[in-house]
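Below is one structure; the comments refer to it alone.
Note on naming: letters A, B, ... go to the chains in the order of the sequence lines (proteins, then strands), and numbering restarts at 1 for each one. Computed over heavy atoms, backbone and side chain alike; hydrogens, waters and symmetry mates excluded.
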There are 2 protein chains.
Amino acid sequence: MNTITITEIRENGCRFPRPSEKNTLVKNTVKDILRTVRQEGREAVISFSRRFDMNEREYLRVSDEEFREAEKEISLELKNAIQQAYTNILTYHNRQKPESYTVETMPGVMCQRIFRPLDSVGLYIPGGTAVLPSTVLMLGVPAQIAGCRRIVLCTPAAKNVNPAVLYAASVCGIKEVYTVGGAQAVGMLAYGVEGIPSVEKIFGPGNQFVTEAKIQVSSDPDGCAIDMPAGPSEVMIIADESARANYIAADFLAQLEHGFDSQAILITDSSRIYKEVQIEIERQLQFLPRAEYVRGSLQHSYLVKVDSLNEAVEIANDYAAEHLIIQTTKPEELLDKIYNAGSVFLGDYTPESAGDYASGTNHSLPTSGYAKAFSGVTVEAFGKFMSVQQITREGLSNLEPVISALADAENLFAHKNAVLIRLEGK
Amino acid sequence: MNTITITEIRENGCRFPRPSEKNTLVKNTVKDILRTVRQEGREAVISFSRRFDMNEREYLRVSDEEFREAEKEISLELKNAIQQAYTNILTYHNRQKPESYTVETMPGVMCQRIFRPLDSVGLYIPGGTAVLPSTVLMLGVPAQIAGCRRIVLCTPAAKNVNPAVLYAASVCGIKEVYTVGGAQAVGMLAYGVEGIPSVEKIFGPGNQFVTEAKIQVSSDPDGCAIDMPAGPSEVMIIADESARANYIAADFLAQLEHGFDSQAILITDSSRIYKEVQIEIERQLQFLPRAEYVRGSLQHSYLVKVDSLNEAVEIANDYAAEHLIIQTTKPEELLDKIYNAGSVFLGDYTPESAGDYASGTNHSLPTSGYAKAFSGVTVEAFGKFMSVQQITREGLSNLEPVISALADAENLFAHKNAVLIRLEGK
């Protein structure tokens with residue numbers, strides 16, 4: 001773990017370098033995989049799955065029978081947890097469904113904005129050692145609320161999909177699931193293969209191959225849209241004297257558990273907290289099952305001592321954390337000054353894991369500073385807005401002087417003529 | 001102009017190939033320009049501007065004096081037109097400002113969603129022979145409504161910026177304007193130079209260098225976000241027997257006036273309209289100032305005869321036009337079946353130019369089929385959503401079984417511990 005003072009930050013412009021690697025080998029490998037999938041279709045997808053995922057299944061698609069089996073395999077406790085998380089996420093996201101509106105901008109000029117869900121969407125859920133029923137919910141719920149006609153889920157598997165993942169999918173009403181992963185899954189979703197039509201947009205986290213594939217298909221006009229490139233997970237914690245060092249340490253370690261490239265940063269104006277958190281992290285590490293794994297991430301994590309909470313806020317807005325935890329006396333007051341963060345957690349009893357699983361907010365959030373310009377996954381991300389206008393003859397007559405003057409200024413004669421021809425004569 | 005029957009479409013899968021060119025020279029040139037701007041800053045921007053735009057100005061920034069001069073130079077008629085267009089666009093877009101909301105997903109679990117405007121945005125307005133005060137309004141109004149702290153406008157100029165462009169900027173409250181264009185403007189906005197801080201997102205149309213530069217900076221984690229890549233403008237017109245051939249021809253030509261790579265497509269179930277529109281287009285072309293320019297675009301435009309309006313709708317949804325005009329007996333009834341279009345124009349008195357300038361809707365729209373997954377420019381595009389949660393001890397106690405079961409299923413022990421440590425003891 002690294003400790004820094006605010007003076008050092010000001011002098012060196014430390015930006016808490018986020019661990020990242022640009023890898024040309026990955027780029028070229030993905031390019032090849034995508035091209036092969038486009039050219040050879042289903043055969044290529046099957047072949048890559050056998051090779052990269054040891055997929056020994058007869059069929060790519062998960063059957064109804066497998067869904068039924070999955071439901072039997074998981075405990076009642078887990079089923080209830082998935083149901084409750086689903087309910088909370090639904091409650092939170094239901095407020096996001098955009099309403100269409102109509103407005104008369106001038107007499108006779110009626111304008112509307114209509115929300116249309118994307119026709120087909122693809123949800124990518126990592127497999128292998130990762131078990132992510134929570135991510136299924138985080139992507140499946142807003143897709144359902146938006147009203148997408150077709151929701152496809154891809155997740156790699158050698159034999160069976162994790163039953164919790166399948167159960168979470170069924171709770172979201174998702175029936176079209178394929179045991180395909182990696183760049184080949186992204187290619188299959190973006191371009192379609194025999195019997196599996198393409199989708200308009202792909203959502204979901206993944207390893208560097210998946211992420212690179214998403215970037216490549218989104219830059220291809222024949223590809224499809226994506227939610228956003230996902231980077232390593234991160235948390236920033238702002239704490240004052242009122243905070244609890246053991247809570248902060250627990251939040252630090254929960255974040256670092258996400259992966260060796262995760263990042264956690266504490267910003268505090270309290271010398272006591274600054275010291276005690278370091279001690280607590282070491283103490284709690286002893287009890288963690290994957291301690292050495294987590295220690296790796298500590299190497300690019302930071303503790304920062306500032307002189308005031310205003311400085312902490314300034315750093316937070318500059319870093320634009322995926323998760324921002326505020327454990328101060330009056331966290332709501334700081335909230336008004338926070339402009340850049342994916343998801344904010346206020347107070348002592350609001351650990352990041354609550355948002356990861358069950359509070360209702362979405363855990364698919366912008367990383368790597370993207371929170372300065374991007375939102376996490378929302379219902380709106382699963383649709384698009386169409387504008388509409390309907391003008392009466394009177395309305396067009398009202399608009400004519402405006403259109404004519406602007407068309408003249410812009411040297412677009414035919415634009416003006418399209419109006420005048422309608423107003424001449426009858 | 002090309003004429004096609006629906007049979008040919010079904011047999012050949014004609015997708016109305018949109019005119020486009022992938023140009024490696026452009027890609028590499030832009031790469032160089034962006035790198036040079038990053039490394040050499042302001043000097044590079046000035047140097048490129050002198051070279052590419054013949055910029056002979058002493059200062060890049062437009063002065064208050066220039067704004068005042070511009071207002072004197074334009075006619076009262078044009079000033080009124082810009083003011084009225086601004087008002088209509090404001091009226092339409094004001095309905096889009098997202099409201100924050102709060103919801104208690106479980107007792108003691110309060111969640112919010114807050115809209116935060118982007119801090120700084122860059123608006124790119126083409127210059128040279130293009131005169132686009134309308135585009136200034138289309139980008140400036142939603143930026144204003146969203147509440148962006150800093151709105152920067154870039155437009156290339158040899159000496160003076162077109163006065164209508166400056167006046168439109170002032171109407172939107174935009175004061176920071178630079179006479180910089182091309183890839184160097186995009187680089188300056190994305191990376192910042194001495195005295196001109198970078199922005200979070202760049203909006204606006206441009207030539208292939210600008211478009212390629214936007215794509216490159218948006219793929220660079222050190223760059224910035226962009227609205228979307230802009231392609232050539234396009235219109236699709238659905239017409240039945242009730243339509244007026246001369247109106248349709250006028251709309252065709254207004255679209256093609258946008259540029260030699262524009263595209264216009266008519267889909268009609270009426271043999272009479274199918275024949276008469278061809279005649280009308282030829283007739284009206286004689287009166288157009290830039291007829292030979294427009295003739296070029298006719299080469300990749302299409303007339304299609306279908307058997308029913310349902311077929312027309314199917315084609316429209318597949319093509320996903322930037323602009324879709326519906327001139328049929330009951331256009332509102334067809335609207336319900338339209339899923340993919342940027343902006344829709346209903347009825348005989350709703351020419352595309354009304355939307356381009358003054359109805360109030362935005363004219364910055366998805367081209368090249370992107371309307372299947374993207375919206376035109378909206379107020380939402382100038383901001384991002386931040387989620388917030390604040391949980392009481394009771395609330396966390398309610399959530400604990402859900403979090404624990406899911407954390408166990410996902411093998412994330414520290415995630416569970418971050419909750420349990422808060423619930424043990426006091």
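Both the backbone and the side chain of B:Ile421 come within less than 4.5 Å of a heavy atom of chain A. Both the backbone and the side chain of A:Asn340 come within contact range of chain B, each with at least one heavy atom under 4.5 Å from a heavy atom of that chain. Contact of B:Lys201 with chain A is not made at all, since no heavy-atom distance falls under 4.5 Å. With a 4.5 Å cut-off on non-hydrogen atoms, A:Ala407 touches chain B through its backbone and its side chain both. For A:Asp356, the part lying under 4.5 angstrom from a heavy atom of chain B is the side chain only. For a residue to count as touching a neighbouring chain, one of its non-hydrogen atoms must lie under 4.5 Å from one of that chain's; by this rule A:Ser134 touches chain B with backbone and side chain alike. Proximity to chain A (any heavy atom under 4.5 Å) is shown, for B:Ile338, by both the backbone and the side chain.
Taking chain A as the reference chain and counting heavy-atom pairs below 4.5 Å, the highest number among B:Leu288, B:Asn80, B:Asn417 is found for B:Leu288. Looking only at heavy-atom pairs under 4.5 Å with chain A, the residue among B:Val103, B:Leu118, B:Leu406, B:Val109 that has the most is B:Leu406. Note on B:Ala164, B:Pro133, B:Gly355, B:Ala358: by heavy-atom pairs under 4.5 Å with chain A, the leading option is B:Pro133. For chain A, the option among B:Gly360, B:Ser359, B:Cys111 with the highest count of heavy-atom pairs below 4.5 Å is B:Ser359. With chain A as partner, the option from B:Lys416, B:Gln284, B:Glu352, B:His258 having the largest number of non-hydrogen pairs under 4.5 angstrom is B:His258. Interface check for chain B: of the options A:Leu132, A:Thr87, A:Ile82, A:Asn94, the most heavy-atom pairs under 4.5 Å are formed by A:Leu132. Between chain B and the options A:Ala250, A:Pro331, A:Gly347, A:Ala254, heavy-atom pairs under 4.5 Å are most frequent for A:Ala254. Of the listed residues (B:Glu400, B:Glu380, B:Glu104), the greatest number of heavy-atom pairs within a distance under 4.5 Å of chain A belongs to B:Glu380.
Annotation: cation-pi geometry satisfied between B:Arg113 and B:Phe385 (NZ/CZ under 6.0 angstrom from ring centroid, within 45° of ring axis).
In this model, no donor atom of one side chain and acceptor atom of the other lie less than 3.5 Å apart for B:Glu280 and B:Tyr247.
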